[in-house]
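Before any comments, here is the structure.
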Number of protein chains: 2
Amino acid sequence: MKSLKSSVHKTFAVLEHFTPQKSEWGVTELAKHLGSNKSTIYRFLSDLQSLGVLYKDKKTEKYSLGLKLFELGNRVPLKSAFIDITHPILESVAANISETVHIAILKNAKVFYIDKVESPQGLKISSQIGSSNPIHCTALGKILLAYLQEDAQKNIVKDLYENDALTTFTKNTITGPRNLLKELKQIKDQSYAIDMEELEIGLICIAIPIFNQNNEPIAALSASGPANRFDSKQVPRYVNTLKKGADAIQNQIGYFKP
Amino acid sequence: MKSLKSSVHKTFAVLEHFTPQKSEWGVTELAKHLGSNKSTIYRFLSDLQSLGVLYKDKKTEKYSLGLKLFELGNRVPLKSAFIDITHPILESVAANISETVHIAILKNAKVFYIDKVESPQGLKISSQIGSSNPIHCTALGKILLAYLQEDAQKNIVKDLYENDALTTFTKNTITGPRNLLKELKQIKDQSYAIDMEELEIGLICIAIPIFNQNNEPIAALSASGPANRFDSKQVPRYVNTLKKGADAIQNQIGYFKP
DNA sequence: AAACACTGTTTTATTATATGAAACCAATAA
DNA sequence: TTATTGGTTTCATATAATAAAACAGTGTTT
């Protein structure tokens with residue numbers, strides 16, 4: 001606490017001590033842990049409490065994180081905040097797999113690319129950050145859809161169908177709503193999605209979901225490359241590496257079961 | 001800004017300016033809004049950014065809320081933090097309906113009562129905060145279950161069945177897993193749950209869900225009382241009042257669609 | 001191209017607030 | 001009773017926050 005300069009840093013040093021493992025702190029207890037004076041911590045805690053950032057149990061006089069933080073946390077626009085955290089992880093996944101790696105979210109019923117790291121190999125996928133692709137014929141789209149709540153999933157598929165958005169791109173494109181729903185079910189069972197040249201002949205993509213604390217798929221991670229490099233022997237290794245990347249991201253964003 | 005004393009207050013005054021409506025701020029812009037000096041706000045923003053509390057877009061140089069807040073927000077133990085916010089709302093609902101009002105969450109496959117406000121009438125339900133009741137025979141349990149993701153819902157019902165937890169309490173208790181799932185579907189359709197003397201003869205209860213930002217039911221609100229006071233004419237009014245209460249709570253916790 | 005307007009950033013002297021020590025208070029245990 | 005353990009308040013002092021001004025980079029206007 002002494003080495004920290006600004007009160008902003010001090011404030012969050014205090015807040016960081018409230019973890020899932022130790023969610024309640026008393027004044028003296030926390031002061032000892034931070035190497036600070038009781039009265040200093042007292043003032044921090046009571047100020048934070050008056051703002052609703054901390055909650056004070058009336059009986060035990062212990063503090064825990066409050067609703068104000070809950071509210072602020074839910075205001076965070078994940079798209080931009082993500083990149084700083086996730087980019088280094090994409091890089092390590094791309095280095096391991098030697099294919100182009102993307103991270104994307106679902107937005108306006110499309111797959112929206114947030115970030116990518118290109119394959120170090122010469123032959124690679126060309127894509128653009130900020131652009132979007134259809135849901136029904138991409139591994140990213142399918143994995144994100146597969147883990148949605150059933151209602152939402154059905155509604156999206158229905159909407160896509162009714163708006164003639166289940167466009168045929170290749171002979172492999174899944175264009176029937178029934179088939180798509182069946183595919184989504186299978187994807188959820190096997191825990192990863194694969195796009196077998198459904199958007200573009202010669203292009204294969206494997207995707208893995210990234211969950212938030214509510215087990216909802218907030219984003220997805222993918223590896224894509226030319227079909228000839230994706231023989232079935234490689235798939236488990238790719239899936240594995242992607243999963244490790246997804247885990248790393250989940251840890252970074254403070255993943256835990258409530 | 002000038003009237004605020006502690007830097008903790010100032011810090012959160014800054015953070016509060018990042019809303020869903022205006023999620024990005026530059027230094028000068030925010031300084032004007034807060035009536036503060038540019039350099040002061042610059043320090044706040046860059047300190048917050050160095051902690052990951054704010055995210056700084058490299059191109060636009062604008063700040064928005066960062067992942068650290070997302071993480072802290074997801075650590076908030078809702079149970080305790082809730083009460084301060086929700087109790088006054090429960091009180092107004094109870095005053096309007098003139099029945100005992102409860103707020104509860106799902107925990108360890110049981111309905112866990114967080115808070116209550118008793119009916120002003122003489123004849124009322126006796127219950128204890130901190131105690132729990134079964135899911136399958138209470139309006140609160142059924143409404144919370146009804147809005148869960150389909151998988152989770154089925155798993156819980158299966159678990160209850162396999163552990164002989166679908167106990168018979170009255171002749172109205174739903175004890176078959178099939179019937180329970182059917183009931184849950186109907187509850188979701190009508191958007192409220194009703195317990196028709198399923199736990200105790202003479203006791204009726206109506207419940208409404210409270211959603212978080214992901215449209216998940218984090219808690220539920222209920223009105224309960226003696227069966228003779230719950231004739232079918234009253235139900236719409238009770239549901240309506242409960243819904244207003246749920247809305248108020250959702251607003252308090254910063255509810256909005258992403 | 002020059003002048004201008006608009007950012008974010010850094011520096012500095014001054015002011016205001018955060019700090020720790022000690023005293024105080026309340027509840028509980030010995 | 002006294003001792004102990006927590007939270008709370010007070011106050012002189014040290015320290016960090018502040019505003020003003022200068023600086024730097026960018027894009028716009030003349």
Side-chain angles (χ1 to χ4, degrees), chain A residues 1-19 22-66 68 77 80-81 83-84, chain B residues 1-19 22-66 68 77 80-81 83-84:
Chain A
M1 196 82 171
K2 285 167 191 171
S3 61
L4 294 167
K5 285 179 184 176
S6 85
S7 48
V8 169
H9 280 85
K10 291 175 210 162
T11 302
F12 280 90
V14 166
L15 290 178
E16 285 285 11
H17 270 72
F18 294 82
T19 63
K22 176 106 179 82
S23 62
E24 290 193 329
W25 289 90
V27 172
T28 310
E29 185 186 18
L30 184 55
K32 275 182 191 161
H33 251 257
L34 282 159
S36 277
N37 192 284
K38 268 202 305 181
S39 53
T40 303
I41 299 307
Y42 170 74
R43 204 122 7 80
F44 267 106
L45 297 186
S46 54
D47 279 352
L48 287 166
Q49 190 227 342
S50 73
L51 290 161
V53 174
L54 290 180
Y55 169 81
K56 184 182 181 182
D57 189 293
K58 285 165 196 73
K59 283 179 193 168
T60 65
E61 292 192 307
K62 302 232 175 203
Y63 296 81
S64 51
L65 298 180
K68 179 55 71 186
S80 55
I83 303 177
D84 277 0
Chain B
M1 196 81 174
K2 285 166 190 171
S3 61
L4 294 168
K5 285 176 183 177
S6 86
S7 48
V8 168
H9 280 86
K10 290 176 210 160
T11 302
F12 280 89
V14 167
L15 290 178
E16 285 284 11
H17 271 71
F18 294 82
T19 63
K22 175 106 178 84
S23 62
E24 290 194 329
W25 288 91
V27 173
T28 310
E29 183 185 18
L30 185 53
K32 273 181 192 161
H33 251 257
L34 282 160
S36 277
N37 192 283
K38 266 202 309 182
S39 52
T40 302
I41 299 307
Y42 171 74
R43 283 196 153 284
F44 269 105
L45 296 186
S46 54
D47 279 353
L48 287 166
Q49 189 228 341
S50 73
L51 289 161
V53 174
L54 290 180
Y55 170 81
K56 184 182 180 183
D57 189 292
K58 286 167 195 72
K59 284 180 192 166
T60 65
E61 291 192 308
K62 302 232 175 204
Y63 295 82
S64 51
L65 298 180
K68 178 56 71 187
S80 54
I83 303 178
D84 277 0

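A note on names: the letters A, B, ... follow the listed sequences, proteins ahead of strands, and every chain is numbered from 1.
- Between K10(A) and dT19(C) there is a side-chain polar atom (N or O) within less than 4.0 angstrom of OP1 or OP2.
- For E61(B) and dG25(D), the CD to P distance is 12 Å, given to the nearest whole Å.
- Here the CG atom belonging to L30(A) is positioned 14.5 Å from the OH atom belonging to Y42(A), to the nearest 0.5 angstrom.
- In terms of position along DNA chain C, the nucleotide closest to K56(B) lies nearer the 5' end than the nucleotide closest to the other residue of the pair S7(B) and K56(B).
- Not one side-chain nitrogen or oxygen of T40(A) sits closer than 4.0 Å to the OP1 or OP2 atom of dA18(C).
- Comparing W25(A) and D47(B) against DNA chain D, the residue whose closest nucleotide sits nearer the 5' end is W25(A).
- Distance, N37(B) CG to dT7(C) P: 14 Å, rounded to whole Å.
- Between V8(A) and V27(A), the residue anchored nearer the 5' end of DNA chain D, judged by the nucleotide with its closest heavy atom, is V27(A).
- V53(B) pairs in a side-chain contact (heavy atoms from CB on, under 4.5 Å) with only one of the listed residues (L48(B), L65(B), T11(B)), which is L48(B).
- Side-chain atoms of S39(A) come within donor-acceptor range of the base of dA21(C), with a qualifying N/O pair under 3.5 Å.
- Between E24(B) and K56(B) there is no salt bridge, since none of the side-chain N atoms of the basic residue sits less than 4.0 Å from a carboxylate O of the acidic one.
- In this entry the distance linking CZ of R43(B) with P of dG8(C) reads 16 Å, nearest Å.
- For T28(B), the side-chain atoms get nearest to dG8(C) when compared with the rest of dG8(C), dG7(D), dT19(C).
- Between the CG atom of L45(B) and the P atom of dG8(C) there is a distance of 9 Å, rounded to whole Å.
- Summarising the geometry, the separation between CD on E29(A) and C1' on dT5(D) is reported as 12 Å, rounded to the nearest angstrom.
- The distance between atom CG of L30(B) and atom C1' of dC6(C), rounded to the nearest whole Å, is 17 Å.
- Note: NE2 (H9(A)) to P (dT15(D)) measures 19 Å, nearest angstrom.
- One atom, CD1 of I41(A), and another, C1' of dT9(D), lie 16 Å apart when rounded to the nearest Å.
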(request) Go through the steps for F18(B) and S23(B) under the test side-chain contact (heavy atoms from CB on, under 4.5 Å), then give the verdict. (result) CA-CA 5 Å; F18(B) 294 82; S23(B) 62; 5.9 Å; no

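- Using a 4.0 Å cut-off between charged nitrogen and carboxylate oxygen, E29(A) and K22(A) count as a salt-bridge pair.
- Side chain of K38(A), nearest nucleotide from dT19(C), dT9(D), dT8(D): dT8(D).
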